[in-house]
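Following: one structure in structure tokens, then a few remarks.
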Amino acid sequence: MAENAVKMALEQILDVPFHRKDSPGELGDICTANVIVNGSRHATAFMLKGPGIGTKEMDIKHCGSKGNQLVRLFHASADLFVIQFTSRIAEMVIKDVEGKVAALRGRGKQAHFLIMNQQDTARVLYAYGKVNCVDHALA
């Protein structure tokens with residue numbers, strides 16, 4: 001699925017009322033306080049990547065035109081950071097995210113992260129009726 005299709009589906013699931021077009025300086029593709037984890041609302045910033053990056057594995061170099069999209073994401077006013085890609089996410093991206101979360105926690109801030117690869121994305125979209133079949137979403 002294209003990044004914008006995933007973004008619109010997640011906005012619908014999260015009841016985000018306004019769809020924003022991507023812009024180079026944004027902190028996150030979706031920023032919302034509509035995410036509820038264990039009964040508590042969390043300010044959440046999403047970084048979304050689709051097949052448009054032209055690879056089956058997202059590495060740090062694919063995170064924005066200058067590789068700084070993760071840096072910008074962690075400047076968002078959020079305590080949950082979601083990194084989503086429609087295929088595999090490289091271990092170095094995960095390690096970078098772990099380090100950024102640890103740094104925020106070290107400054108006394110609450111911070112958590114979620115990595116959503118193709119399978120996780122398909123499961124969420126299927127669970128909320130945004131795709132007809134999990135196999136279709138993975139294709």
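Note: hydrogens, waters and symmetry copies are ignored here, and every other heavy atom, side chains too, is used. All values reported here derive from a predicted model rather than from experimental measurement.
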Can you confirm whether [X] sits close enough to [Y] that some side-chain heavy atom of one is under 4.5 Å from a side-chain heavy atom of the other?
{"X": "I30", "Y": "K7", "result": "yes"}
{"X": "L27", "Y": "L73", "result": "no"}
{"X": "M58", "Y": "M47", "result": "yes"}
{"X": "T86", "Y": "K56", "result": "no"}
{"X": "K109", "Y": "R105", "result": "no"}
{"X": "F85", "Y": "I53", "result": "yes"}

What about [X] and [Y], same hydrophobic cluster or not, with Ile/Leu/Val/Met/Phe/Trp/Tyr joined at side-chain heavy-atom distances under 4.5 Å?
{"X": "I94", "Y": "V101", "value": "yes"}
{"X": "L104", "Y": "V82", "value": "no"}
{"X": "V16", "Y": "V124", "value": "yes"}
{"X": "Y128", "Y": "V131", "value": "yes"}
{"X": "Y126", "Y": "V6", "value": "yes"}

Report the distance from atom [atom1] of [X] to atom [atom2] of [Y], rounding to the nearest 0.5 Å.
{"X": "F113", "Y": "K100", "atom1": "CZ", "atom2": "NZ", "result": "12.5 Å"}
{"X": "I60", "Y": "H62", "atom1": "CD1", "atom2": "NE2", "result": "11.0 Å"}
{"X": "L48", "Y": "Q69", "atom1": "CG", "atom2": "CD", "result": "8.5 Å"}
{"X": "M92", "Y": "E98", "atom1": "CE", "atom2": "CD", "result": "10.0 Å"}
{"X": "I89", "Y": "E57", "atom1": "CD1", "atom2": "CD", "result": "9.5 Å"}
{"X": "E11", "Y": "D29", "atom1": "CD", "atom2": "CG", "result": "9.5 Å"}

Report task. Please assess K130 against Q12 for the test side chain to side chain donor-acceptor pair (under 3.5 Å), listing each intermediate value before the final yes or no. Result -> CA-CA 9 Å; K130 300 303 176 186; Q12 291 170 3; 2.8 Å; yes
Using atom types as modelled and distance alone, determine if a side-chain donor or acceptor of [X] lies under 3.5 Å from a backbone N or O of [Y].
{"X": "D59", "Y": "K61", "value": "no"}
{"X": "R41", "Y": "I36", "value": "no"}
{"X": "T44", "Y": "H42", "value": "yes"}
{"X": "K49", "Y": "E3", "value": "no"}
{"X": "N117", "Y": "D120", "value": "yes"}
{"X": "N34", "Y": "D15", "value": "yes"}

Query raised in the report: Of I83, L80, T32, which is the lone residue that meets side chain to side chain contact (heavy atoms under 4.5 Å, CB included) with F46?
Result: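 Result: among I83, L80, T32, T32 is the only option passing the side chain to side chain contact (heavy atoms under 4.5 Å, CB included) with F46.
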Requested in this report: Could you tell me which non-hydrogen atom of A45 sits nearest to which non-hydrogen atom of C31, and how far apart they are?
Outcome: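 The pair with the smallest heavy-atom distance is CB-SG, 4.2 Å.
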Query - Test ring-ring contact (aromatic ring centres under 6.0 Å, His included) applied to F81 - qualifying residues, sequence neighbours left out - result: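 Residues passing ring-ring contact (aromatic ring centres under 6.0 Å, His included) with F81: F74.
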Query raised in the report: Do S87 and Q118 have side-chain N/O donor and acceptor atoms under 3.5 Å apart?
Result: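 Note: S87 and Q118 side chains meet the donor-acceptor criterion.
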